[in-house]
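For reference, the structure is listed below as structure tokens.
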2 protein chains.
Amino acid sequence: MTAEAKPASPPLTERQEARRRRILHASAQLASRGGFEAVQMREVAEAAEVALGTLYRYFPSKIHLLVATMQDQLQHMHTTLHKRPPAGDDAAQRVADTLMRAFRALQREPHLADAMVRALTFADRSVSPEVDTVSRITTAIILDAMGLEHPTPEQLSAVRVIEHTWHSALITWLSGRASIAQVKIDIETVCRLIDVTAPRDA
Amino acid sequence: MTAEAKPASPPLTERQEARRRRILHASAQLASRGGFEAVQMREVAEAAEVALGTLYRYFPSKIHLLVATMQDQLQHMHTTLHKRPPAGDDAAQRVADTLMRAFRALQREPHLADAMVRALTFADRSVSPEVDTVSRITTAIILDAMGLEHPTPEQLSAVRVIEHTWHSALITWLSGRASIAQVKIDIETVCRLIDVTAPRDA
DNA sequence: ATCCAGTCTGAAACTTGTTCTAGATTAGCG
DNA sequence: CGCTAATCTAGAACAAGTTTCAGACTGGAT
């Protein structure tokens, strides 16, 4: 389950892969400073030592770029979490722990988190495939924490609700309308759904 | 409970109130056609017969304008819902019904919904007060449906989670990544938290 | 009625995302 | 090696959000 599958329409050459990487790096770098607005396409291009037109060939819009940045970061987080899986009695606890751990990771770079999450929720239909990928990774993280291989439809719904809550709570925190304590409480509240939707082993 | 309180820093004259109304109307009108991108400030100004600078005096950004538009629409919806409160045995059912009713109302103008919700989640700190107002109205709608006067902190958390889910599910539907059926299921799932967090009358 | 401060208008200017173009470079191929 | 198609670059140009400014207008105080 290395989950590194890329559709890879045309396989990229080495230099192209390097360019792509430079671009994503520049994007994350700039985002880590001023957040969404600081990621200016001209600056990304310059920092990545790439022409503006090339940047747009790799990522057809600023939103695409930031969503791809999020994919990248989430991938990292997923493997990191894999190394130290949450210890806990029940699934709800483990999921809540995992999400709060992710949350603290994002706290370390709040501007980056801001840029990525704002892009994610602002994305329109043209970015659906990429947003879907992010969603799949998030789902995988949560299911991992739950320790489930074959979730029921009910459980999948609960997982989606948890994801919704996570994104939205993140936004309210990032825009200063909710405290970290409140986010924690709400995450724990939504995780109760895991118990509620657990299939009775009858 | 007419809930018409406006901080109203400087009380607006009649003509100013009329301008404000024309602007909001133009905004909703344009949004109903092409959604977020169709709400172009120059066009709003023209349709509202107001100079561009004036538009910006009333609403300091496109996001402010659209969030204000949402406030306006939500207010309508709240009063409409008041007239025909949901009938149902338990609170969870009533809340789910209410939200799905709101959902169907938004479905009638998907482009408008798109513009408003995208603006809402994209809003940064400078729009926090306005976004908070929207959140308060939404909370009021949900608490009304629950029939609660004095919710416990636990219940308030559940309500926030429901709001998170509502916004986020709306977005996934608007961007074509979830079906209406799925939204319905997820709304019903999250509403289970209402039962779970109901205080035991012991 | 007159005057002042605040408001509104029309238009230009500025910013940043996005598109376009002409010419250089690169990659793969015979 | 030499050719061709794809890719990359630099830079101009365009679009829409936002800011700015000079002058006209309005509403209220004297």
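Note that this is a predicted model, so its numbers are computed, not measured. So that the names make sense, note that chain A is the first sequence line, chain B the second, and so on, each numbered from 1.
- Across the protein-nucleic acid pair, B:Y56 atom OH and C:dT9 atom P stand 15 Å apart, rounded to whole Å.
- Residue contacts for A:F59: at a heavy-atom cut-off of 4.0 Å it reaches no nucleic acid atom on any strand shown.
- A cation-pi geometry, defined here as NZ or CZ lying under 6.0 Å from the six-membered ring centre and within 45° of its normal, holds between B:K62 and B:F36.
- Residue B:Y58 has a polar side-chain atom (N or O) positioned under 4.0 Å from OP1 or OP2 of C:dC8.
- In this entry the distance linking CD of A:Q16 with C1' of D:dC8 reads 10 Å, nearest Å.
- Atom C1' of nucleotide C:dC8 and atom CD1 of B:I23 are separated by 11 Å, given to the nearest angstrom.
- The interatomic distance linking A:H64 (NE2) with C:dT19 (P) rounds to 11 Å, in whole Å.
- The distance from atom CD of B:E46 to atom P of C:dA11 is 12 Å, rounded to the nearest whole Å.
- Mapping B:F36 and B:T13 onto DNA chain D by nearest heavy atom places B:F36 closer to the 5' end of the strand.
- Nearest to the side-chain atoms of B:R57 among the listed nucleotides D:dA13, D:dT9, C:dC8 stands C:dC8.
- Taking for each of B:R15 and A:T54 the nucleotide of DNA chain D with the nearest heavy atom, the 5'-most of the two is the partner of A:T54.
- Closest to the B:L52 side chain, of the nucleotides D:dA13, D:dC8, D:dT18, is D:dT18.
- Rounded to an integer number of Å, the gap from A:E37 CD to D:dT18 P is 11 Å.
- In this structure, B:E17 places its CD atom 15 Å from P of C:dT7, rounding to the nearest Å.
- Side-chain atoms of A:R15 and A:T13 form no donor-acceptor pair, as typed in the model, at a separation below 3.5 Å.
- For B:R42, taking side-chain heavy atoms from C-beta onward, the closest of the listed nucleotides C:dA13, C:dT16, C:dG10 is C:dA13.
- Note that B:R20 lies outside the cation-pi zone of B:Y58, set by a 6.0 Å cut-off to the ring centre and a 45° limit from the axis.
- A:V39 comes within 4.0 angstrom of the backbone, heavy atoms only, and of no base.
- When every heavy atom of A:D186 is checked against every heavy atom of A:T165, the shortest pair comes out as O-CG2, 4.4 Å.
- The CZ atom of B:R94 sits 9.5 Å away from atom CG of B:D97, with the distance rounded to the nearest 0.5 Å.
- Rounded to an integer number of Å, the gap from B:K62 NZ to D:dT18 P is 8 Å.
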